[in-house]
Amino acid sequence: MEYSVAHIKTPLGIAKILGDEDGIAEITVLDETSETIKLLGQSVPDCLLNAANQLQQYFNGTLKEFSLKLNPQGTDFQKGVWNELLNIPYGKSRTYLEQTKKLGDVKAIRAVASANGKNPLAIVIPCHRVIGSDGSLTGYAGGIWRKRWLLEHESGVKQQSLF
């Protein structure tokens, strides 16, 4: 399958957006390197323009809910888990156990956590809003620092660094 691709600069790194007329299939955040920075000058294909604009609005703090046509590729189980993630409101979090209960099988907690980790649509499908039962920021494919940044961004509380 041949997808269109766009790269945009975000506070977390360079977001790579893949998709076509059927919807957005993947959003990943890449570390900024000289190679990825070269990708920023390219124009955004029409089918990805809405996604690029909404991501920029999200990072600017003016968008709290995405309205995009999504087309993630995965198993039916993974898609069910990802769909449930869309029910976690902006600025809120849910534990892995709570998410598993919403899906109806508390024994599936590891499978649910694994599906979260395979979420191909970072930020838009908000797997960063799922935390450990003790409040810890466990697991995030993009790195715990990005998860912390996203949760702080959505909470409206900015932690100040002393150094």
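As the structure is a prediction and not an experimental result, all values here were calculated from the model.
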| message | Would you call the rings of His153 and Phe59 parallel, tilted or perpendicular, taking 30° and 60° as the class edges? | response | tilted
| said: Just verifying a value: how many Å separate Leu55 CG and Ile27 CD1, rounded to the nearest 0.5 Å? | reply: 4.5 Å
| query | Are Leu151 and His128 close enough that some pair of their side-chain heavy atoms sits under 4.5 Å apart? | reply | yes
| Taking every non-hydrogen atom, the tightest pair across Ala6 and Leu48 | N-CD1, 3.6 Å
| query | So Asp76 and Gln78, side-chain hydrogen bond (donor to acceptor under 3.5 Å, both in side chains) or not? Walk me through it. | reply | CA-CA 6 Å; Asp76 288 343; Gln78 289 170 331; over 6 Å; no
| query | Which pair of heavy atoms, one from Ala111 and one from Phe77, lies closest together, and at what distance? | reply | O-CE2, 3.6 Å
| task | Scan residues 94-126 for pairs that pass ring-ring contact (aromatic ring centres under 6.0 Å, His included), counting only residues two or more places apart or in two chains. | result | none
| query | Are side-chain N/O atoms of Gln57 and Asn60 paired as donor and acceptor at under 3.5 Å? | reply | no
| Quick one: CG on Asn119 to OG1 on Thr28, what's the gap to the nearest 0.5 Å? | 11.0 Å
| message | On a heavy-atom basis, which atom in Gly80 and which in Leu103 lie closest, and how many Å separate them? | response | O-CD2, 3.7 Å
Could you tabulate the donor-acceptor pairs under 3.5 Å formed by side-chain atoms of residues 130-144, not counting sequence neighbours?
{"from": "Asp134", "atom 1": "OD1", "to": "Ser136", "atom 2": "N", "distance (Å)": "2.9"}
{"from": "Asp134", "atom 1": "OD1", "to": "Ser136", "atom 2": "OG", "distance (Å)": "2.6"}

| task | Answer yes if Leu30 and Ile125 sit in the same cluster of Ile, Leu, Val, Met, Phe, Trp and Tyr residues linked by side chain heavy atoms under 4.5 Å apart, and no otherwise. | result | no
| task | Would you confirm whether Arg94, through its side chain, and Gln99, through its main-chain N or O, come within 3.5 Å as a donor-acceptor pair? | result | no
| About how many Å separate CD of Glu21 and NZ of Lys69, when rounded to the nearest 0.5 Å? | 8.0 Å
| Which atom of Arg129 lies closest to which atom of Ile88, heavy atoms considered | NH1-O, 2.6 Å
| request: Taking Trp82 for its side chain and Ala115 for its backbone only, find out whether a donor-acceptor pair lies under 3.5 Å. | output: yes
| task | Determine whether Gln56 and Ile8 make a side-chain contact, defined as any pair of heavy atoms from C-beta on separated by less than 4.5 Å. | result | yes
| Spacing of CD1 belonging to Ile109 relative to CD belonging to Glu98, to within rounding of 0.5 Å | 10.0 Å
| query | Is any side-chain heavy atom of Phe66 less than 4.5 Å from a side-chain heavy atom of Ile123? | reply | yes
| task | Rounded to the nearest 0.5 Å, what's the gap from CG on Leu150 to CG on Leu12? Could you check? | result | 5.0 Å
| message | Test your reading of the model: is there a side-chain donor-acceptor pair from Gln54 to the backbone of Ala52, 3.5 Å cut-off? | response | no
| query | Quick check: are there more than 12 heavy atoms from other residues, nucleotides or ligands sitting under 6.0 Å from NZ of Lys64? | reply | no
| In this structure, are over 12 heavy atoms from other groups packed under 6.0 Å from Asp46 atom CG? | no
| So, Glu32 side chain and Ile14 main chain: donor-acceptor pair closer than 3.5 Å or not? | no
| Distance in Å, Ile24 CD1 paired with Cys47 SG, rounded so as to fall on 0.5 Å steps | 6.5 Å
| said: Donor-acceptor check, side chain of Thr100 to backbone of Ala108, threshold 3.5 angstrom: yes or no? | reply: no
